[in-house]
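This report refers to the structure that appears directly beneath it.
Chain letters run A, B, ... following the sequence lines, proteins first and then strands; every chain starts at 1.
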Amino acid sequence: MVEYRIDRRSGVATYVQIVQQTKQALRLGVLRPGDRLPTAREVVEATAINPNTVLKAYRELEREGLVEARRGLGTFVRRSLGSVPADRSGLRARLADWLDEAHAEGLEREDMSALFRAALDEKYPEEQR
Amino acid sequence: MSEETAALKAVGLGLRYRRRRGHVLRDCSFRLPAGRVCALVGPNGAGKSTLLSLAAGLIRPTEGTVHVLGTGPAEARERFAYVAQDKPLPPQLTVAGTLRLGADLNRARWDAAAAGRIAYAHHAPDGDRSGSLDPGARIRSLSGGQRTRVALALAFGKRPELMLLDEPMADLDPLARRELLGALMGEAAEHGTTIVLSSHIVTELDGACDHLLLMGGGRVRLAGDPEELVAAHTLLTGPARDLTGHTVVESRGTDRQLTALVRPGGPPGDDWRTAAPSLEEVLLAHLRNPGAPDLVTEGTVNP
């Protein structure tokens, strides 16, 4: 089961944070097809956000075909975002090596993140919205 | 807007006391659709408690009317719960006795489990139960925060369609505040309960409310969906001074630079830098400027 963490100061709309965290969980395999998402009640009791915000996020995920609402049962994962496989290719391990190297060079956590982001943006720029 | 039922509706609502000169509340008109979570915000003395007391039928308006769940406060009494700021409870009763009294008074709809969850459950991570109440404790021996818990437990047990809560968080610690807000959102999710809660700290309710009433000087200054209210405003910064065409809420600055919060009347010129204000900025700007025009977003006022 995913647990959502809402950062009220991030400037990212709350429903978008839920959408992003769900997708992240799908990519990492924390959520798999058939899994049930927490109910709106469960989410709002834990996070103290408005129920409509959760429903809006779930509708968005449903619109993208990632989850489906089953009447009276809950919201279930339809498909995963399986672009990160269980590391058969060793991608994650190589990234971990890279992090070790960066650390040895004296880079801080944020430096590493910024460097990765910069390389990613250069190679695969984000689509203009 | 569709013709949804209003959980709370005020039309030209006002209250003045004979001895005091001015109005405590004047010309309040708004409409709160059912199922919303409404933050009632404003500084002390703005009229928040008066508005809630009028809605609860504790006092009668001297002008206008207030409709609760489509009828008058007296007729709707069994269907809403009101928690006053001073939480009057019988001091000699125990916590369990108070909840039993609640059950007796609300036989038809009483939900003992819901009341018990608020009074007795406490989800501290390490199993610390210091925040939960002893059923045998007398009300008079309780702290302010513990009394609040009992008063809220009564409100939840009543399983109301509408909750009117006057400063429910004021004497709760941060953990209890968070739990209460979570429990309230859970009620709203499960039963579609309409919730009105007053506070002078708006950031506390940010993210929880999908409706907002800003009171100031006995008036409703802003009413509507917080996101819509914020989106209606823009922060302008620039060397120019011409703000014609815009509704100016606040403008501050020197000869060289002006910063203004406006409701844009069209695209601002090139010499302005624009930014989106935060909800807090919008609210504070209205409170600092009592003369700024009120804003009630679409759908809130509707006969």
Within the structure provided, determine whether L172(B) and L180(B) are in side-chain contact (heavy-atom separation under 4.5 Å).
yes

Looking at chain A, which one of G35(B), A208(B), A188(B) has the largest number of heavy-atom pairs inside 4.5 Å, strictly under?
A208(B)

For E42(A), side-chain contact (heavy atoms from CB on, under 4.5 Å) partners two or more places apart
M1(A), R36(A), P38(A), T39(A)

Chain B contact via A13(A) - side chain, backbone, both or neither, heavy atoms under 4.5 Å:
neither

Pick whichever of D206(B), D210(B), V37(B) has the most heavy-atom pairs under 4.5 Å with chain A.
D210(B)

Measure from the side-chain N and O atoms of R41(A) to the backbone N and O of E187(B), and report whether any donor-acceptor pair falls under 3.5 Å.
no

Decide, yes or no, whether a salt bridge links E179(B) with R149(B) under the criterion of side-chain N to carboxylate O below 4.0 Å.
yes

